[in-house]
Amino acid sequence: MWLNVAMRLSLILASIGLFVMPGFLISASFPFWQEQGLKPLVGAEWFPYEGLFGMLPALVGTLWSVGLALVIAVPMAVAAAIMTSEMAGKKQRNLIRFGMELLSGIPSVVYGLIGLWLLLPWLQSSFNLLSGHSLLAAGILLSLMVLPTIMVMAEDAISGVALEQREAAANLGLDWSDRLFLVLLPQAWPGIRAGILLASGRALGETIAVMLVVGSMDRIPDPLYNLLEPAQTLTSRIGREIGEAAFGSIHFSALIACGFILAIISVILSLVAHTNQRVRV
Amino acid sequence: MSRFSRSFWTRVLILVLAAPAIIFPAGCLFYIIMQGIGAWEWSMFSIGGNQKSFGMSSGIWPQITGSLILMLGANMLALPVATGLALYHQLSATTRQRILMQVLLQLMQGIPPIVYGLCGLVVLVYMMHWGVSVLAGQVILAVVILPLLVLNTVHAIERVDRGRTEAAKSLGLSHTAIIRRVWLPETWPALLTGLLLGMARALSETAPILFTATVFSGVVWPDSLFSPVTSLQSHIFYLAQEGGNDQARGMAWVSAIILITLISTLSIAATMLRRMEVTHEHRF
Amino acid sequence: MYRYLFISLFAITVASPVWAITIHSAGSTTVLPVVSAAAQAYHASHPNVTITVSGGGSGVGIASIVQGTAALGMASREIDEKEKAQLGDGTQVVPIAMDAVAVAVSKAVSLGGVKQLSVEQIADIYRGKINNWKEVGGPDSRILVIDKEASRGTRHVFAEAVLGNAHARAAGASIISGSNNEEQAIISRSNSAIGMLSNAWLNDEVRGIAVVVRGHGVLPSIEHVRDGSYPISRGLHVILAKDAGPEVRDFVAFLLSETGQKIVEKSGYLPVR
């Protein structure tokens with residue numbers, strides 16, 4: 001009896017939360033959408049005092065930093081996963097996995113310290129930049145952060161490939177590299193993909209570390225592949241401006257809208273990751 | 001010959017690619033630890049010692065307790081709700097409800113913490129007039145770790161042999177009895193693991209509490225749940241912006257290794273428990 | 001057993017001693033060191049009053065009074081008409097100090113020969129018309145132009161004096177910084193930076209340069225703020241909510257007292273009394 005009551009109670013609490021969240025995101029950003037329409041999504045100028053809320057620079061910056069993080073982290077993480085699951089002994093495997101779990105526990109603000117005091121000076125001197133603040137810095141930092149996530153999931157997926165499949169591949173006389181590329185990786189791909197999607201979600205929403213190194217400049221990279229100049233991301237915009245925007249103003253509403261966009265992108269990412277898992281089953 | 005060398009080169013390629021994945025993160029960790037040890041001074045821990053205006057030279061205890069208060073509160077709030085949801089999922093939900101719950105929880109897990117922070121800022125801090133407060137931070141962190149706790153509990157119960165649960169049900173055992181006699185004895189290490197991971201997660205979040213629960217300085221011990229705190233995470237963030245000041249840098253690195261030590265103690269304990277769970281399962 | 005543990009935990013976290021009072025203050029990072037130091041001194045003589053301090057900038061200071069999230073706001077600029085209307089009648093804006101907004105450059109730039117700039121030259125740098133230090137007699141290096149977040153008091157005062165409008169765009173900016181500390185750190189790490197910084201944050205690495213007024217270069221200093229010759233100066237204010245309690249008012253009185261004004265002076269600002 002009390003158990004039922006407790007279960008219902010937590011269900012009610014959770015559903016309230018579930019309705020409050022999207023309800024709030026929509027209602028609090030509504031004044032902004034109402035005043036500005038969808039124009040800000042393609043606008044390049046963000047000047048709250050002039051009523052200009054172009055989000056394109058932050059959107060481009062967000063995509064670049066996440067993309068860059070994945071380009072750097074995925075090959076390394078998958079290679080490391082192959083190494084630990086297929087080439088290393090059980091002891092080494094446990095050790096590396098343990099290390100990765102430790103690393104995934106380093107809080108993002110500490111990566112921010114590394115970014116500010118190690119990465120930025122290095123970028124500044126090696127690329128002869130004005131300051132090291134750039135999308136490249138954000139991308140490198142994010143790649144460090146998501147590396148353990150991708151690696152742990154990829155490793156689970158690769159070592160999860162059934163023994164029969166491995167034996168069948170061996171009986172066909174395939175050599176190690178064929179077995180890897182023709183059997184193991186394709187079989188493990190759904191799991192690896194889920195890891196990549198999870199990692200991009202994490203990179204997308206990372207705030208503190210990115211905010212410290214990206215430069216917070218609302219400018220679309222010029223040319224578009226120029227990753228060495230200061231830029232802006234959605235999260236760094238929110239982090240920098242949320243304190244100053246008066247509650248109830250259009251500016252505040254615009255920042256909530258940025259959060260809304262982040263939430264939508266992350267929901268799409270997890271839906272894709274999730275459908276994928278179901279197909280596998 | 002050529003086949004052998006192809007496999008050989010693939011191995012080399014993988015090792016070359018994998019090396020930085022191990023070296024860079026390990027190097028970062030090593031760098032943090034070295035910096036922290038280099039800057040370590042016991043006077044940083046003396047209470048009421050040489051207090052200076054930026055909270056840089058004062059003892060670091062307020063930040064440590066602040067982080068712990070936020071983390072423990074978040075877990076105390078999230079645990080009952082998570083347990084309730086997980087039990088509902090396992091005992092009363094229909095298949096469709098289960099799938100729906102699972103999808104929603106996974107979506108929740110994917111939403112960036114800063115978005116939860118925004119929601120908390122508007123709803124709790126402004127609309128409910130809690131102000132920048134411990135409670136607001138605890139509630140927001142509780143929501144952030146809730147999906148993790150629920151999914152972990154669900155998976156733990158699902159790992160229990162289905163036959164045993166069915167047998168218990170067919171014997172007419174009440175839900176309470178099933179939980180106590182069948183599930184709890186087998187799942188408690190997994191549940192504890194989840195709790196520890198939840199604690200570690202709550203300690204590593206900065207963005208959602210920065211605007212809702214923490215202030216720059218002035219707090220030694222929060223007067224009530226509606227007072228703000230200082231925390232290690234936000235302290236590091238503020239100090240990070242003071243790169244010009246050696247004292248601040250030292251304090252930041254020391255705070256960082258304290259935070260990492262707290263978090264890794266929790267996750268190491270979780271890993272050890274998980275191993276225990278594995279051996280535990282093998283008994284059956 | 002557990003019940004007692006729980007109750008005592010609850011009692012520790014919830015039950016506040018009746019006599020303890022906490023005042024929250026937030027806003028300008030220029031005013032912050034003064035309030036922070038004064039808060040500690042005040043706490044020493046009034047142990048039942050704790051004053052928490054957070055930064056964020058003048059805009060945050062004003063917003064937090066409007067939204068009621070702080071009892072004491074800090075602002076390093078004048079309050080404009082729109083904000084006065086938002087704050088409403090009964091809100092008090094109390095000047096506690098005067099300060100100069102220095103045009104700060106990296107040490108290398110100062111050593112490279114840039115000792116003074118006219119307001120027009122500074123404006124051209126921020127508008128992106130001057131990109132290299134050699135155009136103003138300095139070393140041959142690109143200029144790292146540091147702008148500040150739009151809500152920062154320093155930004156308002158500087159942009160108003162140099163660009164003519166507190167919210168003017170700075171097309172030449174290459175990076176946005178937040179607090180004084182953050183800006184100071186960026187300038188000291190660079191060798192080609194220019195930024196706007198409170199006079200109190202200048203040091204050997206981060207040097208203030210003279211601003212040319214009617215043919216004479218005037219260095220940012222307390223003296224030049226006092227005699228009014230430095231063109232970019234400002235008042236530092238605290239803002240009292242209209243329902244501020246007697247403790248908050250007493251603390252503001254403390255800031256204006258002799259002890260409080262000593263702290264102002266020690267923090268590198270010009271006392272108002």
Side-chain angles (χ1 to χ4, degrees), chain A residues 3 6-7 9-11 13-14 17-18 20-21 24-25 28 75-77 79-80 82-83 87 96 98-99 101-103 105-110 112-114 116-118 144 147-148 151 175-177 180 201 204-205 207-208 212 235 238-239 242-243 247 256 259 262-263 266-267 269-270 274, chain B residues 3 6-7 10-11 14-15 17-18 20-22 24-26 28-29 31-32 80-81 83-85 87-88 91-92 103-104 106-107 109-115 118-119 121-123 126 143 175-176 200 203-207 211 233 236-237 240 243 249 252-253 256 259-260 263-264 267 271:
Chain A
L3 183 68
M7 287 190 319
L9 208 65
S10 51
L11 203 63
L13 259 174
L18 215 60
V20 164
M21 274 270 305
F24 141 80
L25 280 176
M76 296 198 317
I82 296 170
M83 185 184 85
M87 292 155 81
I96 293 176
F98 179 68
E101 270 165 30
L102 267 191
L103 286 171
I106 296 184
S108 59
V109 67
V110 177
L113 284 187
I114 295 197
L116 264 182
W117 297 340
L118 193 63
L144 274 173
L147 212 144
M151 194 199 134
D175 68 4
W176 192 83
S177 75
L180 181 66
L204 177 80
T207 309
I208 299 292
L212 287 171
T235 48
I238 297 173
I242 193 64
F247 178 50
I256 303 285
L262 274 180
S266 61
V267 162
L269 281 176
S270 10
H274 189 67
Chain B
R3 295 213 129 221
R6 201 158 69 97
S7 281
T10 314
R11 277 172 203 263
I14 284 171
L15 284 180
L17 271 174
I22 312 287
F24 282 133
C28 279
L29 192 59
Y31 182 78
I32 298 167
V81 181
T83 315
L85 284 176
L87 289 177
Y88 181 83
L91 290 171
S92 313
V103 171
L104 286 177
Q106 263 152 1
L107 289 187
Q109 208 165 18
I111 289 178
I114 179 94
V115 176
L118 279 178
C119 292
L121 179 71
V122 174
V123 178
Y126 290 149
V143 177
H175 283 169
T176 334
L203 267 183
S204 62
E205 290 295 344
T206 313
F211 310 101
Q233 299 98 299
I236 297 172
F237 174 74
R249 285 173 77 123
W253 289 120
L259 189 58
I260 291 177
I263 294 172
S264 29
S267 51
T271 317

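Values below: every heavy atom of this structure, side chains too, minus hydrogens, waters and symmetry copies. Just so it is clear: chains get the letters A, B, ... in the order the sequence lines come, proteins before strands, and each one is counted from 1.
Atom CG of A:Leu269 sits about 11.5 Å away from atom CD1 of B:Ile111, to the nearest 0.5 Å. With rounding to the nearest 0.5 Å, the separation of CG in B:Leu85 from CG in A:Leu13 is 8.5 Å. To the nearest 0.5 angstrom, B:Ile260 atom CD1 is 4.0 Å from B:Ile32 atom CD1.
For a residue to count as touching a neighbouring chain, one of its non-hydrogen atoms must lie under 4.5 Å from one of that chain's; by this rule A:Leu11 touches chain B with backbone and side chain alike. Proximity to chain A (any heavy atom under 4.5 Å) is shown, for B:Thr83, by neither the backbone nor the side chain. Contacts between B:Phe211 and chain A at a heavy-atom distance below 4.5 Å involve the side chain alone, from C-beta outward. At a 4.5 Å heavy-atom cutoff, the contact between A:Leu25 and chain B is made by side-chain atoms alone. Residue A:Met87 touches chain B through its side chain alone, counting heavy-atom pairs closer than 4.5 Å. Within the 4.5 angstrom heavy-atom criterion, only side-chain atoms of A:Leu116, from C-beta onward, approach chain B. Residue contact with chain A, scored on non-hydrogen atoms closer than 4.5 Å, involves the side chain of B:Leu259 exclusively. With a 4.5 angstrom heavy-atom cutoff, A:Leu113 touches chain B via backbone and side-chain atoms both. Interface residue B:Ser264: backbone and side-chain heavy atoms are both found under 4.5 Å from chain A. The contact between B:Ile263 and chain A is made entirely by side chain atoms (from C-beta outward), counting heavy-atom distances below 4.5 Å. For chain A, no part of B:Ala200 is nearby; none of its heavy atoms comes within less than 4.5 Å.
Counting non-hydrogen atoms of neighbouring residues, nucleotides and ligands closer than 6.0 angstrom, the CZ atom of B:Phe24 reaches no more than 12 such neighbours.
By number of non-hydrogen pairs under 4.5 angstrom with chain B, the leading residue of A:Leu102, A:Leu147, A:Val20, A:Ile114 is A:Ile114. When A:Ile256, A:Ile242, A:Leu9, A:Leu262 are compared by the number of non-hydrogen pairs under 4.5 Å with chain B, A:Ile242 comes out ahead. Ranked by non-hydrogen atom pairs under 4.5 Å with chain A, the options B:Ala207, B:Cys119, B:Pro80 are led by B:Cys119. For chain A, the option among B:Ala26, B:Ala256, B:Ser204 with the highest count of heavy-atom pairs below 4.5 Å is B:Ser204. Residue with the most contacts toward chain B among A:Ser270, A:Gly205, A:Ser266, A:Gly239: A:Ser266 (heavy-atom pairs, distance under 4.5 Å).
Between A:Leu180 and B:Ile14 there is a side-chain heavy-atom pair separated by less than 4.5 Å.
Under the side chain to side chain contact (heavy atoms under 4.5 Å, CB included) criterion, A:Leu18 pairs with B:Leu104, B:Met108, not counting sequence neighbours. For A:Thr207, there are no side-chain hydrogen bond (donor to acceptor under 3.5 Å, both in side chains) partners two or more places apart in sequence or in a different chain.
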